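Structure, as structure tokens:
This structure is a prediction, so every number in the text was calculated from the model and none was measured. Quick note on labels: first sequence line is chain A, next is B, and so on, each numbered from 1.
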Amino acid sequence: MDYQFREIEQKWQKYWADNQSFKAQANSDKPKYYVLDMFPYPSGAGLHVGHPLGYIASDIFARYKRLKGFNVLHPMGYDSFGLPAEQYAIQTGQHPAVTTETNINTYRRQLDQIGFSFDWSREVRTSDPAYYKWTQWIFMQLFNSWYNLETDKAEPISTLIHKFNEAGSADVKAACDEDTKTFLPTDWATFTEEEKQEELLKYRLTYLKESTVNWCPALGTVLANDEVKDGFSERGGFPVEQKKMMQWSMRITAYAERLLQGLDTIDWPEPMKEMQRNWIGKSVGASVKFAIDNSQLAIDGTENSKLRTENYIEVFTTRVDTIFGVSYLVLAPEHEWVAELTTPAQKEEVEAYIAQTKKKSELDRMADAKTVSGAFTGTYVVNPVSGERVQLWIADYVLAGYGTGAVMGVPSGDQRDWLFATHFGLPIIQILDSQKDIDQQADPTKEGKYINSGFINGMEYKEAVAFLNQWLEEQGVGKAKINYRQRDAIFGRQRYWGEPIPVYFKDGLPYLLKEEELPLLLPEIDKYLPTETGEPPLGRAEGWKYEGKYEYELSTMPGWAGSSWYWYRYMDAQNNGAFASKDAVDYWKDVDLYIGGSEHATGHLLYSRFWNKFLKDLGFVQEEEPFKKLINQGMIQGRSNFVYRLNCIEDGKIVQTRFVSKGLYEQWDKAANLQEQQNLLNKWDIPFKYSSLEFLAENNQLVQAGSLHVDVNIVENDRLNVQKFRASRPEYSDAVFIFEDGTTSSPTGGGQEGAYICGVEVEKMSKSKFNVVNPDVLIAQYGADTLRMYEMFLGPLEQSKPWNTNGIEGVFKFLRKFWRLFHNEAWEFTVSDAEPTKAELKSLHKIIKKVQDDIERFSFNTSVSSFMIAVNELTDLKCNKRAILQDLVVVLAPYAPHICEELWSLLGNKDLSTAQYPIFNPNYLVEDEFAYPISINGKMKMNLNLSLTLEAKEAEEAVLANEQVQGFLNGAAPKKIIFVKGKIVNIVV
RNA sequence: GCUGAAGUGGUGGAACUGGUAGACACGCAGGACUUAAAAUCCUGUGCCCUCAACAGGCGUGCGGGUUCGAUUCCCGCCUUCAGUACCA
């Protein structure tokens with residue numbers, strides 16, 4: 001029989017499901033291997049065409065590892081809480097659980113027909129109460145923990161309470177809020193329960209914190225940064241304002257250093273690690289306090305108690321050694337003290353500057369890096385090392401969110417400060433004797449000895465930094481400090497479709513539910529909108545109170561909650577007594593290979609590492625890092641096709657329309673004047689005549705040329721299917737085409753159709769650009785095995801590329817050719833038991849090695865080519881020998897599992913998933929001759945067969961003795977001969 | 001601006017450690033089969049010069065360098081894509 005992919009694929013997909021062929025064993029003598037994909041959000045649009053790319057790669061790897069004798073865990077599930085379902089619910093009133101279920105079913109059907117070897121018995125869904133029970137449980141562990149900087153790990157809150165009881169707060173070294181109290185054990189004993197809870201909250205790893213959010217009053221909801229455009233909501237265009245709100249936060253900053261250090265221990269792409277490093281943003285420096293000289297300021301009248309008691313501005317600097325070169329200080333315009341620190345005389349200027357800053361979007365600020373702007377507050381501050389008074393400015397190059405929102409300006413050492421000082425006429429002080437040309441630009445050198453620098457004069461960089469840090473600390477005006485850019489992560493959404501936070505409030509303080517009360521189920525509500533008073537949707541749930549009287553937390557968890565631990569649930573997905581049993585976690589430990597997109601670099605992948613480290617600190621898991629090896633799959637872009645239309649217009653009415661092929665359109669585009677256009681119209685038999693060929697003449701005639709997106713599904717290899725195009729829309733039913741060769745086709749004309757070539761552009765994949773290709777269509781046409789191999793054939797996995805089905809035919813032909821190896825002319829299955837020849841064995845062992853090497857380095861595209869070469873060779877050798885083909889089936893199986901399983905069974909075997917990968921034997925590849933490329937002065941001229949046993953001297957003689965070589969030398973005497981055994985001979989003349 | 005990745009025929013791409021650039025596939029052209037088309041099979045296909053063969057020249061974004069030899073290593077520049085934070 002010919003290759004019947006539909007039948008074969010359905011047959012084996014059913015067999016695998018019925019036999020649970022890919023179920024991972026709970027415990028096994030085999031070594032474990034855990035292959036994980038980033039699970040999808042089940043959107044209504046179905047499986048995105050980019051998704052299968054990574055899934056196919058991981059599936060090949062998983063199948064390969066099974067053949068190599070590993071106990072493989074390869075699961076799949078759904079990140080099923082999320083905004084789109086909620087948005088749909090708001091519009092239709094349909095419960096998000098219902099639409100989510102429908103979408104999941106679509107995904108499952110699509111995944112199944114690609115033939116993935118997932119262990120579906122371990123499927124997880126983040127929106128399933130049996131799953132989110134454990135997400136809530138982890139939240140409770142975080143609430144019940146604090147970060148002890150002495151042991152450098154998270155500990156139960158009870159150890160902190162113990163410390164408070166024994167020694168008070170003085171010796172506690174913790175990652176905590178800034179406003180913790182200092183107290184003695186005797187004080188702690190007198191605290192009321194509320195006071196204790198309030199204090200403990202400042203230490204917990206998840207805690208309530210006032211944060212600024214994008215509040216949209218019209219929508220009654222909080223928006224993410226990317227939902228806000230220029231101060232208006234992206235959806236609807238309503239005004240958005242900054243609003244302070246109590247929000248749950250996660251103290252991820254406690255783990256900043258470990259998150260950074262851990263990167264050196266994992267096998268991830270370097271760009272990915274770099275992104276996380278930059279995100280964490282460690283800088284080593286010092287914090288320094290500049291006293292406010294308030295002799296001319298009426299600060300005493302300020303409401304701001306912090307400002308009144310502190311009366312200094314703290315800056316963070318990475319170059320504390322340049323402190324004697326400070327000639328001004330700058331605050332971010334958004335800094336909370338700006339109003340109080342502005343003198344009446346400067347008030348107008350400062351307010352105008354702030355107003356101007358607010359108008360600029362963040363993008364504007366970035367693009368405009370060269371313009372210098374700022375405003376003087378009128379206030380002076382005192383440099384703690386020199387006692388000098390310097391001016392306090394505000395400027396938008398200082399960001400409120402980083403460090404303390406205040407910067408010291410050192411114009412001689414920092415180019416940005418130099419520009420600022422030059423622009424506003426502030427002094428530029430040289431501080432190192434090696435600084436050059438500082439009247440031209442800043443010189444950030446650390447070389448040389450300090451000058452104009454008081455007590456560090458004459459010192460060098462290292463000495464000065466150490467000395468200053470110590471001095472500042474002794475004087476109580478500063479200290480060495482490490483700063484991280486990363487901030488604590490907000491952990492709450494004012495939305496419905498997410499995990500409820502297992503917390504209730506008593507007297508304004510949060511308390512956890514009891515563990516046995518989990519899961520806290522999402523209550524039913526009438527509408528998925530905020531309440532009239534602006535409470536989150538959960539505020540609508542009637543009678544939803546803890547023990548009937550206490551208010552529950554009304555926000556839900558953010559999208560990343562459920563995905564920050566899911567790989568553990570797969571280890572033991574059905575467990576009701578724990579997020580996963582200790583046995584399961586001890587056995588599977590961590591993910592050996594994780595494949596997914598790089599867009600998750602600073603979100604999911606960072607949060608997951610954070611939770612993993614936390615779970616390890618509490619002894620629930622084994623490994624410090626969850627994902628040992630990570631591979632990024634490239635983004636799949638859309639590849640749009642265009643048709644070109646000429647509209648001939650007379651008196652504002654279209655009198656003729658032609659769709660012209662790409663080449664003709666380009667000719668038209670080049671036509672310089674009406675005469676040339678008229679020539680083309682005549683050439684293409686378009687009945688339209690300009691009454692005048694003068695460009696500027698009064699003319700009510702016009703030929704309008706333009707391009708239109710055309711659905712890529714009716715285009716093959718950039719050639720338009722004209723019939724399908726006419727059928728696609730009523731207004732195209734009588735479309736007239738002019739083909740690439742200039743011939744015309746009209747719907748009534750009939751006859752032979754020429755080639756209509758479409759234009760091409762790479763764009764984002766989207767419905768509106770008609771460039772979305774559904775995997776279902778390709779599977780129906782070519783089968784899953786072809787789709788799998790074609791997606792790999794497209795190019796390196798990690799590279800982004802446009803989706804393009806132009807070459808899929810070649811892969812399909814390959815599979816048919818492969819099938820043919822096992823069949824005779826009449827398509828009858830025929831294999832021989834004859835002894836294989838040397839050439840056949842060589843072909844086989846070449847591919848065994850090649851594929852093995854390729855898979856280990858994730859180069860799937862190159863193995864597809866190699867398979868084609870192997871099958872071409874064996875076809876040429878007319879090889880139908882079992883001894884060769886049986887091993888070839890196993891090698892190809894991870895890529896094209898259905899056809900291989902069928903052939904495997906036709907060969908009389910059972911269950912390809914339990915087969916063994918063939919052992920590579922290098923002896924079959926040993927050659928005794930090699931066709932050496934002979935080059936002269938590095939230019940390849942000819943090949944010459946030489947025995948591989950020849951050493952340099954003999955080879956040189958043999959080469960020079962050759963007549964053809966002498967012909968190329970043309971009498972010239974070789975100066976030197978380079979001989980690389982098995983590689984090349986190069987004659988230098 | 002900064003960071004990262006990439007630039008090779010008409011197209012996707014290959015060349016793994018500095019050693020025959022363009023494997024494999026698509027497309028295109030020609031041929032076989034067919035009444036015809038589709039499918040299939042065969043041959044050719046980087047560019048230039050040449051009627052053609054032989055031979056030759058040029059060729060991996062651009063300009064230099066190292067080397068017997070560079071797509072690969074070094075320096076400078078250009079373009080595209082992604083990320084981003086004027087980060088003190």
Side-chain angles (χ1 to χ4, degrees), chain A residues 269-275 277-279 281-283 285 315-320 322 330 332 362 365-372 395-399 401-410 413-417 419-420 483-485 598-599 601-602 632 634-635 637 639 716-719 752 755 760 762 790 793-796 798-802 804-811 813-814 816 850 853-854 857 859 861-872 931-943 974-980 982-989:
Chain A
E270 204 44 53
M272 201 76 164
K273 293 194 199 178
E274 203 53 34
M275 267 191 247
R277 279 190 199 108
N278 292 340
W279 187 262
K282 179 180 182 176
S283 31
V315 302
F316 174 73
T317 175
T318 52
R319 285 295 301 273
V320 68
T322 64
V330 190
E362 230 163 273
R365 273 204 198 181
M366 252 204 290
D368 201 17
K370 300 225 159 65
T371 359
V372 178
D396 64 7
Y397 78 84
V398 177
L399 304 176
Y402 182 72
T404 55
V407 171
M408 60 185 213
V410 185
D414 182 289
Q415 183 60 17
R416 210 176 38 204
D417 294 349
L419 287 169
F420 193 85
N483 206 38
Y484 297 94
R485 187 190 78 99
S598 58
E599 66 271 24
T602 51
N632 289 129
M635 284 222 306
Q637 294 147 306
R639 187 179 186 278
E716 205 175 323
N717 287 320
D718 298 329
R719 192 174 155 165
Q752 206 171 315
V760 175
V762 173
Y790 181 63
F793 189 56
L794 219 46
E798 297 179 72
Q799 226 164 293
S800 284
K801 56 217 149 205
N804 172 359
T805 41
N806 281 0
I808 197 165
E809 202 74 45
V811 173
K813 278 192 223 165
F814 155 76
R816 219 166 149 241
K850 173 72 176 159
D853 292 350
D854 282 350
R857 63 192 173 102
S859 172
N861 55 323
T862 48
S863 18
V864 178
S865 305
S866 307
F867 280 124
M868 290 175 172
I869 294 170
V871 166
N872 287 347
Y932 278 94
I934 311 292
S935 43
I936 294 172
N937 289 336
K939 292 238 177 243
M940 214 283 274
K941 295 289 177 187
M942 56 175 283
N943 285 98
K975 276 190 205 146
K976 191 171 166 190
I977 298 178
I978 313 284
F979 174 79
V980 184
K983 292 273 188 195
I984 200 167
V985 179
N986 188 17
I987 304 170
V988 187
V989 294

Within the 3.5 Å criterion, strictly below it, is a donor on Ser859(A) or Thr862(A) matched to an acceptor on the partner's side chain? yes
Whole-angstrom distance between [N] and [M], as gauged at atom [atom1]:
| N | M | atom1 | answer |
| --- | --- | --- | --- |
| A53(B) | G46(B) | P | 12 Å |
| G44(B) | A37(B) | C1' | 24 Å |
| U20(B) | A38(B) | P | 41 Å |
| U66(B) | U11(B) | C1' | 35 Å |
| G10(B) | G27(B) | C1' | 7 Å |
| G4(B) | C41(B) | P | 48 Å |
| C16(B) | A6(B) | P | 15 Å |
| U84(B) | G9(B) | C1' | 36 Å |

For atom [atom1] of [X] and atom [atom2] of [N], their distance in whole Å:
| X | N | atom1 | atom2 | result |
| --- | --- | --- | --- | --- |
| Phe814(A) | G13(B) | CZ | P | 20 Å |
| Glu809(A) | G27(B) | CD | C1' | 12 Å |
| Ile977(A) | G19(B) | CD1 | C1' | 16 Å |
| Ile869(A) | G13(B) | CD1 | P | 18 Å |
| Phe316(A) | C87(B) | CZ | C1' | 9 Å |
| Lys850(A) | C24(B) | NZ | C1' | 11 Å |
| Met868(A) | C24(B) | CE | C1' | 7 Å |
| Lys983(A) | A15(B) | NZ | P | 14 Å |

When only distance counts, do a donor and an acceptor, one from the side chain of Asn872(A) and one from the base of C24(B), lie under 3.5 Å apart? no
So if I define the base as every atom that isn't primed, P, OP1 or OP2, how would nucleotides 3-12 of chain B read as a B/S/- string at a heavy-atom cutoff under 4.0 Å? SS-------B
By the 4.0 Å heavy-atom rule, please label [X] as base, sugar-phosphate, or nothing.
| X | result |
| --- | --- |
| Asp854(A) | nothing |
| Lys813(A) | sugar-phosphate |
| Met275(A) | sugar-phosphate |
| Arg277(A) | nothing |

Reading RNA chain B 5' to 3', how would its secondary structure be written in dot-bracket notation, given Watson-Crick and G-U pairs with both distances under 3.5 Å, brackets [ ] for crossing pairs and | for partners on other strands? (((((((..(((......[....)))((((((.......))))))(((.......)))..(((((..]....))))))))))))....
Might you point out which heavy atoms bring [X] and [Y] nearest each other, and give the distance in Å?
| X | Y | value |
| --- | --- | --- |
| Met868(A) | Gly810(A) | CE-O, 4.2 Å |
| Val398(A) | Ala332(A) | O-CB, 3.3 Å |
| Asn632(A) | Glu798(A) | O-CG, 3.1 Å |

Could you pull out all residues at least two apart from Phe316(A) that satisfy ring pair (Phe, Tyr, Trp, His ring centres under 6.0 Å)? none
Most 5' of Trp279(A) and Met408(A) on RNA chain B, judged by nearest nucleotide: Trp279(A)
On RNA chain B, check which nucleotide each of Asn861(A) and Gly810(A) is closest to and give me the residue with the more 5' one. Asn861(A)
Strictly below 4.0 Å, N to O, side chains only: are Asp854(A) and Arg857(A) in salt-bridge contact? yes
State, yes or no, whether a side-chain contact exists between [X] and [Y] at a heavy-atom distance under 4.5 Å.
| X | Y | result |
| --- | --- | --- |
| Ile934(A) | Asn943(A) | no |
| Lys983(A) | Tyr932(A) | no |
| Ser935(A) | Ile984(A) | yes |
| Val315(A) | Val407(A) | no |

Side chain to side chain contact (heavy atoms under 4.5 Å, CB included) involving Asn872(A) - partner list, sequence neighbours excluded: Lys817(A)
Any N/O pairs under 3.5 Å between the protein and nucleotides 66-71 of chain B? List them or say none.
residue	atom	partner	partner atom	Å
C68(B)	O2'	Asn986(A)	ND2	3.2
C68(B)	O2	Asn986(A)	ND2	2.6

Arg857(A) side chain, from C-beta outward: closest of A88(B), A15(B), C24(B): A15(B)
What nucleotide among C24(B), U20(B), C86(B) has an atom nearest to a side-chain atom of Tyr397(A)? C86(B)
Output yes when a side-chain donor or acceptor of Thr322(A) lies under 3.5 Å from a complementary backbone atom of Gly413(A), and no otherwise. no
May I ask you to decide if Asp417(A)'s main-chain N or O and Asp414(A)'s side chain share a donor-acceptor pair within less than 3.5 Å? yes
Per the O4'-C1'-N9-C4 / O4'-C1'-N1-C2 angle with a 90° window around 0, G22(B) comes out anti
According to a strict under-4.0 Å criterion, is Arg416(A) in side-chain N/O contact with OP1 or OP2 of C87(B)? yes
Can you name the salt bridge (charged side-chain N to carboxylate O under 4.0 Å, His left out) partners of Glu274(A), sequence neighbours left out? Arg277(A)
